[in-house]
Amino acid sequence: MLKSHTCGELRAEHIGQEVKLAGWVNRRRDYGSLVFVDLRDRWGVTQVVVDAGRSPEAKETVARIGHEYVLQIEGEVVARSPESVNDKLATGEIEIQARQVRILNPAKTPPFEISGDIEPGEETRMRWRYLDLRRERMQRNIILRHNAIWFIRRYLNERGFVEIETPILFKSTPEGARDYLVPSRVHPGKFYALPQSPQQLKQLLMVAGYEKYFQIARCFRDEDQRGDRQPEFTQLDMEMSFVERDDVLDLIESLMTAMIEEVSGRGVAKKPFPRLSYAEVIDRFGTDRPDIRFGLELTDIGKIVARSDFKVFTSTIEVGNKVRAIVAPNCAGYSRKDIADLEEIVKDAGAKGLATIAVQEDGTPKSSIAKFFADDLMQELIAAVGASPGDLILMVADVPSVVNEALSALRTEFGKRLNLVANGDLSFCWVIDFPLFEWNADEDRWDPSHHMFTSPKPEHVALLDTDPGKVLSQQYDLVCNGYEVAGGSIRIHDRNVQEKIFALIGLDVEQAKERFGHMLEAFEYGAPPHGGIAPGIDRLVMLMAGEPNIREVIAFPKSQRAADLMAGAPSEVDQQQLDDLHIKLADDIKPD
RNA sequence: GGGGGCGUAGUGUAGCGGUUAACAUGCUGGCCUGUCAAGCCAGAGAUCGCGGGUUCGAAUCCCGUCGCUCCCGCCA
């Protein structure tokens, strides 16, 4: 080894020892005949002193080095004088008196500072990602990710789970997200698809009798990016046989809690995780992934405003739509401009407008719509939404989905503005009892709201024939701080039920056989009742790291346009490669 | 596919119709034996993303384009 210790481990107890350290030059402070070098590796920083008087040769070498040179230092661990102890460094009690300095490799001046306060821009970071990854922030995140994955593997192994790899080259199914396709050389005109998730394969592993399966699985979806979405991402994919919904929920809940507390040092706000029905979270928060770190819940005020003279509200109620409100505490003083900003948010969500009532300190309302309300009706409204003097009531009238989306967006905004999300805790909740289907008006059929193997609640199976929209499923989502961090379900293992689902979602028997024949066939050979879940590793690590997007916890992420700015992927390929794959580019594709 | 923001020395920012394009940091040279964001002195470094237009004059205004980013659609 070129090093006897890491740059983070030497303490007072090592004083007097001869050591070899190796790492990168974090910083150099040059006094001419006395030079300090902060040597860095992933474990920390150790100060090296090069004294021209004691080791002229080392001084000669160290005069030539710059930032990020790779050095090997040989010398003695010595105590620092009491006034020069650096308590910002774990190794600050000691320093290395260098006897010899070897340049293992010089370094060009890096395009940005590896240690320092200047945060390089996104493009710069991605272009030199290997240097970005050298920075403390990224090393901390990547190692946190490692610890989380390591924790998961140990935890599940101890509970009888088997990690099984599934193919990356698999079969395309047009349902769901757009597939990444891989052309076949030996089958002209045919394509593999990269898995959107190992969904089918893990169910087949249940048929195969493994009972408890997991995989740290890479998943691929060719859809547009968000801060919490990358074209390839990692799931903790799991499936279990002979389980019921609560078995899955309980296991994941204890896994999440233990992992977060051990690995991230953060707290879990609510234990046990609240279990809320889909209907309840939509009603209370306007979204199926509520941030339950704070209140500001939605109130339905339809019954009250129906008795006002405000036409916008009364006509909305008459046609069966909704008027709902949230209360922003202590925001009665908002200016016209502040309100206009909020209005922008609800308009983005599709709402036509935003009505507000400022409850003044004396309890009287200040509002452009106050004149449409009798005084006692106004007081009834203020009481119904639970507003106090100094509060601002915000109301939206529209179809339910627009009202909910608009108010949910406002709620999120106020969570940030009012600093209700400041503490570092993670706040989980389960969302259960989802509708099995969503009506697809364009195609005039039902779409599965999760996926087509999701089991209805047993007591709702009969409704499949009479009122599919009312059927609730055994789907469950895990939500944390407003992010969906896991989703899963108990699956269908009954062939009759499965065929009913196919029919309702508009798949005829032939199509179903073509796409899922292997699944249907497998289910005839003794499929156990089973269910599973797939937590998103990237999002969980992002939340544990306190980062604003998942790029910060992925070593080599892609840009918004799905490009690798370091390697330059995707790229053109040789004509020969295209020929091998039987691919001819369309005429309108021009080379760059 | 649509909407918003950004693009100025290596890096991060300021400048937003007329400036010698500014500041910080990094870089180069010099001084310095107790610093740890070392300090001090001197210096180099920018065709203001690219293309077009408006104007006597454009980093600045307009159009297009490319890149990064946030959001909507999309993501079973």
Side-chain angles (χ1 to χ4, degrees), chain A residues 26-40 45-54 59 66-68 78 80-89 91-92 95 97 108-128 131-132 173-179 196-197 199-200 219-231 233 344-345 347-350 405 409 412 434 436-438 440 446-454 473 475 484 487-489 501 505 507 515-516 534 536 548-549 551 557-563 565 592:
Chain A
N26 200 48
R27 205 162 248 123
R28 188 183 63 155
R29 292 174 293 281
D30 191 341
Y31 281 77
S33 46
L34 181 74
V35 182
F36 297 98
V37 176
D38 289 342
L39 197 67
R40 183 196 70 234
V45 171
T46 301
Q47 174 164 287
V48 177
V49 191
V50 181
D51 188 327
R54 293 174 200 245
K59 157 70 184 72
H67 277 133
E68 302 304 316
V78 297
R80 295 198 191 192
S81 65
E83 65 277 10
S84 64
V85 165
N86 184 349
D87 45 13
K88 285 187 223 148
L89 279 185
T91 59
E95 60 195 7
Q97 189 76 56
K108 284 166 69 174
T109 301
F112 52 84
E113 292 164 57
I114 306 300
S115 71
D117 298 333
I118 296 176
E119 180 72 19
E122 200 67 22
E123 220 169 328
T124 311
R125 295 176 62 194
M126 294 306 157
R127 165 74 181 75
W128 288 280
L131 296 179
D132 189 37
T173 50
E175 288 73 23
R178 200 174 291 115
D179 285 322
Q196 295 174 26
S197 79
Q199 182 61 39
Q200 296 181 30
C219 306
F220 305 86
R221 294 181 189 173
D222 186 3
E223 296 291 353
D224 288 332
Q225 313 291 290
R226 288 289 186 282
D228 61 352
R229 274 168 26 195
Q230 281 272 312
F233 61 100
E344 206 51 44
I345 293 173
K347 282 186 172 163
D348 277 352
E405 202 180 318
T412 304
F434 282 81
L436 185 61
F437 299 111
E438 289 162 9
N440 181 337
W446 294 101
D447 280 344
S449 47
H450 185 45
H451 61 59
M452 65 193 71
F453 303 111
T454 301
S473 73
Q475 179 196 343
E484 183 191 327
S489 62
I501 303 288
I505 65 178
L507 268 184
R515 293 178 196 171
F516 303 106
N549 67 67
R551 292 189 302 278
K558 304 222 172 2
S559 76
Q560 183 113 27
R561 296 204 55 234
L565 302 182
D592 291 336

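Treat the numbers as computed from the prediction; the structure is a model and nothing was measured. Residue numbering restarts at 1 for every chain, and letters A, B, ... go by the order of the sequence lines.
Mapping A/Asp224 and A/Gly121 onto RNA chain B by nearest heavy atom places A/Gly121 at the nucleotide closer to the 5' end. Nearer to the 5' terminus of RNA chain B, by closest-nucleotide assignment, is the contact made by A/Gly227 (compared with the other of A/Gly227 and A/Gln199).
Remark: A/Gln560 is not in phosphate contact with B/G67, judged by side-chain N or O atoms under 4.0 Å from OP1 or OP2. Not one side-chain nitrogen or oxygen of A/Ser84 sits closer than 4.0 Å to the OP1 or OP2 atom of B/U35. Considering only side-chain N and O atoms, A/Arg29 lies under 4.0 angstrom from the phosphate OP1 or OP2 of B/A38. OP1 and OP2 of B/C36 both lie 4.0 Å or more from every side-chain N or O belonging to A/Arg28. One finds a side-chain N or O of A/Lys88 lying less than 4.0 angstrom from the OP1 or OP2 phosphate oxygen of B/A37. OP1 and OP2 of B/G73 both lie 4.0 Å or more from every side-chain N or O belonging to A/Arg229. Within the structure, a side-chain polar atom (N or O) of A/Thr124 is placed less than 4.0 Å from OP1 or OP2 of B/G12. Remark: A/Arg561 is in phosphate contact with B/G67, judged by side-chain N or O atoms under 4.0 Å from OP1 or OP2.
A straight line from CZ of A/Arg125 to C1' of B/G7 spans 17 Å, rounded to a whole angstrom. Counting to the nearest Å, the P atom of B/C70 and the CD1 atom of A/Ile345 are 18 Å from each other. Summarising the geometry, the separation between CD on A/Gln225 and C1' on B/G73 is reported as 15 Å, rounded to the nearest angstrom. The interatomic distance linking A/Asn26 (CG) with B/C36 (P) rounds to 15 Å, in whole Å.
Listed nucleotides: B/C75, B/C70, B/U25. Nearest to the side chain of A/Glu113: B/U25. Closest approach to the A/Arg27 side chain among B/A38, B/U35, B/C71 is made by B/A38 (side chain taken as heavy atoms from C-beta onward). Listed candidates were B/U35, B/C75, B/C36. Nearest to the side chain of A/Glu223 is B/C75. Nearest to the side-chain atoms of A/Tyr31 among the listed nucleotides B/U33, B/C36, B/G73 stands B/U33. Ranking B/G67, B/U69, B/U35 by closeness to the A/Leu565 side chain, first place goes to B/G67. Comparing atom distances between the A/Glu122 side chain and each of B/C68, B/A24, B/C75 picks out B/C68 as nearest. Candidate nucleotides B/U33, B/C68, B/G34 were compared by shortest atom distance to the side chain of A/Val49, and B/G34 ranks first.
The base of B/C36 lies close enough to the side chain of A/Arg80 for a donor and an acceptor atom to sit less than 3.5 Å apart. Interface remark: the A/Asp117 side chain does not form any donor-acceptor pair with the B/G12 base, using a distance-only criterion of under 3.5 Å. With hydrogens and angles ignored, no donor-acceptor pair under 3.5 angstrom links the side chain of A/Arg127 to the base of B/G67. At a cut-off of 3.5 angstrom, counting only N and O atoms as typed in the model, there is a donor on one side and an acceptor on the other between the side-chain of A/Gln47 and the base of B/U35.
When heavy atoms are screened at a 4.0 angstrom cut-off, A/Asp51 is found touching base atoms of the nucleic acid. Residue A/Glu95 is in base contact, counting any heavy-atom pair closer than 4.0 Å across all strands shown. At the heavy-atom level, A/Gly116 lies nowhere under 4.0 Å from the strands shown. Looking at heavy-atom distances under 4.0 Å, A/Asp30 makes contact with a base. Within the nucleic acid shown, A/Ser449 comes within 4.0 Å of sugar-phosphate atoms alone, with no base atom in reach, counting heavy atoms only. If you check every strand for non-hydrogen atoms under 4.0 Å, A/Gly92 touches nothing. Among the protein residues, A/Arg551 comes within range of the sugar-phosphate backbone only, with heavy atoms under 4.0 Å from sugar or phosphate atoms but none that close to a base. Across all strands, A/Glu119 comes closer than 4.0 Å only to sugar-phosphate atoms, never to a base (heavy-atom distances).
A/Arg29 and A/Asp38 are joined by a salt bridge, as a carboxylate oxygen and a charged side-chain nitrogen come within less than 4.0 angstrom of each other. One finds a salt bridge joining A/Glu68 and A/Arg40 here, because a Lys/Arg side-chain nitrogen approaches an Asp/Glu carboxylate oxygen to under 4.0 Å.
Using P as the reference atom, B/U54 and B/C62 are 15 Å apart when rounded to the nearest Å. Distance noted for atom P between B/G10 and B/A44: 15 Å (whole Å). Taking atom C1' in both B/U35 and B/G39, one finds a spacing of 10 Å when rounded to whole Å.
Base-pair partner of B/G67: B/C6 (Watson-Crick or G-U wobble, both distances under 3.5 Å). Across all strands shown, B/A22 pairs with B/U13; the Watson-Crick or G-U wobble distances both stay below 3.5 Å. Summarising the base pairing, B/G29 is matched to B/C41 through a Watson-Crick or G-U wobble pair whose two defining distances lie under 3.5 Å. Searching all strands for a Watson-Crick or G-U wobble partner of B/U47 with both distances below 3.5 Å returns nothing.
Side-chain contact check for A/Glu175 and A/His451: no donor-acceptor pair (N or O, by modelled atom type) lies under 3.5 Å. A/Gln196 and A/Asp179 are linked by a side-chain donor-acceptor pair at a separation below 3.5 angstrom, with hydrogens and angles left out of the test.
With sequence neighbours left out, A/Glu122 forms a salt bridge (Lys or Arg N to Asp or Glu O under 4.0 Å) with A/Arg125, A/Arg551.
Contact annotation: the side chain of A/Arg54 never approaches that of A/Lys59 to less than 4.5 Å [non-hydrogen atoms, C-beta and beyond].
Taken to the nearest 0.5 Å, the CZ atom of A/Arg127 stands 9.5 Å off from the CG atom of A/Leu565.
Below 30°, between 30° and 60°, or above 60°: for A/Phe437 and A/Trp446 the angle between ring planes is between 30° and 60°, a tilted geometry.
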Short heteroatom pairs, N/O only, protein and nucleotides 40-47 of chain B, under 3.5 Å:
none

